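Predicted model, so just to flag it, every value in this text is computed and none were measured. Throughout, a chain's letter reflects where its sequence line sits, starting with A, and its residues are numbered from 1.
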Amino acid sequence: MKTLIGTVDLYNRQTTNYEPADLFQEIDEKNLDDFEEGWRPAINQRLAGLSSRDEVTAASLQDWHWDWSAKAEKRAGHLAYESFAVECAGMTQGLMFVKTTAFARLDAQRGLELVFAEYLATAPWNRHGFTATPTYKGVGRVLLVAAISFSVDLGFKGRIGLHSLPQSESWYATTCGMTDLGVDLAVPPQGLRYFEMTEAQAQTFISP
Amino acid sequence: MKLLVSREWLRNKIATDPDVETQAGTALAVLEGIGVIVPPDRPASADIGDEKVIRLRVALGTLLRQLRHRDGLSVVELAARTAIREDEVRSIERDPHHIPRPRTLHQLATHFKLPVRYLMQMSGATRTVDKVLYNEAIRFAARSDDMSVLSDDEERALNAFVKLLAERADA
Amino acid sequence: MDRRQMTLMLSDKEMTVLDRLAETRGMSKTALLRQALRLYQSVTERLENGEKVFLEHPGTKEKAELMVL
């Protein structure tokens with residue numbers, strides 16, 4: 001069942017004000033609808049812009065979205081999967097899907113349980129890469145804190161793992177202080193850099 | 001579940017955080033592969049005139065044209081079977097300045113049983129291109145003559161290239 | 001979040017294993033049992049779908065089938 005974990009503040013870059021946002025565990029229909037009706041058209045529009053076309057169909061993208069909507073529904077009854085959403089101004093601003101049956105690869109914690117983020121994203125209109133006037137800042141930090149908190153809640157002491165997209169590597173390596181295990185070539189199409197956070201790094205990250 | 005930090009802590013950190021991208025996840029690699037995640041300084045027409053992309057599109061056009069010939073299909077027939085416009089089939093096969101639409105590539109990938117992400121890379125829609133793919137694609141295109149019937153050599157080269165695409169997709 | 005309670009009776013042997021696993025992996029006994037449940041659900045579902053679950057030795061690449069339903 002969708003549960004409110006806490007209320008946080010996101011920074012609206014356009015108005016330069018902070019706005020209250022809710023962090024939820026276990027996403028629901030509203031979040032999936034926001035993903036389909038809100039995020040997807042924005043992404044499609046960007047794709048159309050690339051191809052200089054008016055028609056906004058991207059079959060691969062549609063497959064992916066369907067796949068993830070279907071997956072999200074299928075995962076509802078599965079203990080191994082959990083989802084989180086950040087909502088602000090009545091719209092889903094951030095989404096995260098995690099897996100709890102994953103194990104650490106970093107030597108220092110090899111084989112120990114961790115929370116593995118399969119998907120961590122802020123809405124397209126919040127990203128610099130999408131628009132010259134991105135809206136909310138802070139979704140990434142909120143979701144990361146959620147992942148760490150969830151890890152602690154499960155008894156995994158804050159250990160998390162994720163594959164960073166290239167443009168996010170400096171965030172995870174430097175700001176978040178995670179360990180870089182190198183490019184994981186097993187991720188199609190050409191690999192993604194895999195990061196883990198240790199118990200100690202998690203402690204440091206959430207300290208005042 | 002309890003959030004391990006206070007609302008105030010988050011607010012202060014967000015204020016001082018660098019304003020950078022934070023996207024993560026293997027699931028997003030798919031989007032990256034089909035060119036949805038792009039750097040902010042890449043305008044829509046950046047690839048026109050970009051030599052590498054032009055060469056890739058020539059290879060893409062050659063590949064699709066040869067597959068069509070191999071299967072004994074006319075442009076009209078292929079267009080009908082894949083629900084793509086005829087002029088678009090011709091443009092992809094012949095015009096390296098034409099930017100194919102993602103849906104079109106998806107239809108062609110399904111029809112010819114090719115990995116769609118490689119077609120996307122060959123169409124210039126993605127920011128990054130597999131190096132091996134690039135080299136093999138250029139080499140493949142260079143071997144082709146522009147006849148409507150494939151010679152034995154061309155057929156062999158075509159099969160080898162298609163096999164490579166399938167193998168890399170499975171790797 | 002809703003919580004429900006269960007009383008668990010374990011043999012000495014089982015309790016010893018539970019204690020040791022929890023200590024080795026740095027988790028409470030409850031946390032460990034909950035993780036075991038998650039893993040069990042994942043594995044059995046795959047088996048029910050007709051998939052096979054293998055363990056592979058990294059060095060020899062020798063495979064041992066984990067279980068059959």
Contact origin within A/Thr175 toward chain B - heavy atom pairs under 4.5 Å = side chain
request  = Taking all heavy atoms of B/Gln23 and all of A/Thr122, pick out the closest pair and write down the distance.
outcome  = OE1-N, 2.9 Å
message = Report which part of A/Ile206 has an atom under 4.5 Å of a heavy atom belonging to chain B: side chain, backbone, both, or neither.
response = both
message = Quick test of your reading of the model: are B/Lys2 and A/Asp153 salt-bridged, counting only N-O distances below 4.0 Å?
response = no
request  = Between chain B and each of A/Leu144, A/Val145, A/Leu162, count heavy-atom pairs under 4.5 Å; write down the option with the most.
outcome  = A/Val145
Heavy-atom contact with chain B under 4.5 Å, split by part of A/Val152 = side chain
message = Can you tell me which portion of A/Leu23 sits under 4.5 Å from chain B's heavy atoms? Options are side chain, backbone, both or neither.
response = side chain
Considering all heavy atoms, the nearest B/Glu21-A/Trp171 contact = O-CB, 3.7 Å
Between OH on residue A/Tyr18 and CZ on residue B/Arg7, distance to nearest 0.5 Å = 12.0 Å
remark   = Whatever's closer than 4.5 Å to a heavy atom in chain B on A/Tyr172 counts as side chain
key: Residue B/Glu8 excluded, over 12 heavy atoms near CD under 6.0 Å   = no
key: Contact origin within A/Tyr136 toward chain B - heavy atom pairs under 4.5 Å   = neither
message = Let me confirm one number: the CG-OG1 distance from B/Leu10 to A/Thr7, rounded to the nearest 0.5 Å.
response = 11.5 Å
task = Sort B/Ala15 into side chain, backbone, both or neither according to what part of it lies under 4.5 angstrom from a heavy atom of chain A.
result = both
task = Name the region of A/Arg13, side chain, backbone, both or neither, that has any atom closer than 4.5 Å to a heavy atom of chain B.
result = side chain
query = Between A/Val142 and B/Ile14, does a side chain to side chain contact (heavy atoms under 4.5 Å, CB included) hold up when you go through it step by step?
reply = CA-CA 9 Å; A/Val142 171; B/Ile14 288 170; 4.3 Å; yes
task = Could you look at A/Ala117 and say if it's the side chain, the backbone, both or neither that has a heavy atom under 4.5 Å from chain B?
result = backbone
ask   = Minimum heavy-atom separation for A/Gly140 to B/Thr22, with atom names?
value = CA-OG1, 3.5 Å
ask   = Who wins among A/Glu169, A/Lys137, A/His163 for the most heavy-atom pairs under 4.5 Å with chain B?
value = A/Lys137
query = Looking at OG1 of B/Thr26 and CZ of A/Phe97, how far apart are the two atoms once the value is rounded to the nearest 0.5 Å?
reply = 12.0 Å
task = Any chance you could lay out the side chain to side chain contact (heavy atoms under 4.5 Å, CB included) test for A/Arg141 and B/Asp17, step after step, and finish with the verdict?
result = CA-CA 9 Å; A/Arg141 180 173 277 271; B/Asp17 275 338; 2.6 Å; yes
key: Residue pair B/Trp9 / A/Ser207: nearest heavy atoms and the distance that separates them   = NE1-O, 3.0 Å
